[in-house]
Amino acid sequence: MATPKSKANIGMTLVILFAITLVTGIILHLKKHGIIIEPRSVIKIVHWIAGLLMVGLALVHGLQFKKMLSAMKAKFLWFWGDTWVAIVFICLMIITGAVKLLSSVKISHLGLWHYWFGIIMTVAVIVHLFSGIQSWNRFRKIKSSNR
């Protein structure tokens, strides 16, 4: 069983990897607007590695809080729903990113789909982060008062 400290460390690492992935993704998208930041190949590699690590840690994070999320559904429906939106768009990001990375042919507009899924995921993750901290604290208070 994970300790609260290890859960917090995973959460903070997840936030850092999310920020790195978001910033490098935006830098890569700027090419569509005529702004090329070099070394582009290094930025792509950092984006891929940070994204893969983020997905791995998100999976661990999800498994750690799976029971809590289920318990929160009744009292914190907004948080539960937002979490599922984040999960769906993380999955869409994984799929479009993997196809983009592994495909030997250029698929028209796939990068743009990946980018827009990333924007939606970013909004959902930010809402998840801020409402999750508040919901988690309220849930802990409700749970401790029931004892």
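Predicted, not measured: the structure shown is a model, and the values here were computed from it.
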Hey, any chance [X] and [Y] share a hydrophobic cluster, counting ILVMFWY side chains that come within less than 4.5 Å of each other, even indirectly?
{"X": "Leu14", "Y": "Val88", "answer": "yes"}
{"X": "Val123", "Y": "Ile26", "answer": "no"}
{"X": "Val46", "Y": "Met93", "answer": "no"}
{"X": "Leu101", "Y": "Ile43", "answer": "no"}
{"X": "Ile90", "Y": "Ile10", "answer": "yes"}

What's the spacing between [X] [atom1] and [Y] [atom2] if we round to 0.5 Å?
{"X": "Leu53", "Y": "Leu17", "atom1": "CG", "atom2": "CG", "value": "5.5 Å"}
{"X": "Ile87", "Y": "Trp84", "atom1": "CD1", "atom2": "CH2", "value": "4.5 Å"}
{"X": "His47", "Y": "Leu52", "atom1": "NE2", "atom2": "CG", "value": "9.5 Å"}
{"X": "Lys44", "Y": "Thr24", "atom1": "NZ", "atom2": "OG1", "value": "12.0 Å"}
{"X": "Phe89", "Y": "Thr96", "atom1": "CZ", "atom2": "OG1", "value": "10.5 Å"}

**Message:** In terms of relative ring orientation, are Phe79 and His128 parallel, tilted or perpendicular, with 30° and 60° separating the classes?
**Reply:** parallel
**Request:** Could you check whether the rings of His33 and His29 sit parallel, tilted or perpendicular, using 30° and 60° as the cut-offs?
**Result:** perpendicular
**Message:** For a side chain to side chain contact (heavy atoms under 4.5 Å, CB included) check, start with the C-alpha distance between Leu110 and His114, then their side-chain angles and the critical distance, and finish with the verdict.
**Reply:** CA-CA 6 Å; Leu110 182 64; His114 184 74; 5.6 Å; no
Can you name the closest pair of heavy atoms from [X] and [Y] and give their distance?
{"X": "Met54", "Y": "Phe18", "value": "SD-CA, 3.5 Å"}
{"X": "Val85", "Y": "Ala124", "value": "CG1-CB, 3.9 Å"}
{"X": "Val125", "Y": "Ala86", "value": "CG2-CB, 4.3 Å"}
{"X": "Trp80", "Y": "Leu69", "value": "CD1-O, 3.6 Å"}

**Message:** When you compare the side chain of His61 with that of Leu57, does any pair of heavy atoms fall below 4.5 Å?
**Reply:** no
**Request:** Verify side chain to side chain contact (heavy atoms under 4.5 Å, CB included) between Lys100 and Trp113, making sure each step is shown before the conclusion.
**Result:** CA-CA 10 Å; Lys100 190 166 172 39; Trp113 281 98; over 6 Å; no
**Message:** The test is side chain to side chain contact (heavy atoms under 4.5 Å, CB included); show your working for Thr83 and Phe76 and say whether it passes.
**Reply:** CA-CA 11 Å; Thr83 301; Phe76 302 100; over 6 Å; no
**Message:** Please check if the number of heavy atoms outside Trp48 that lie under 6.0 Å from its CH2 is greater than 12.
**Reply:** yes
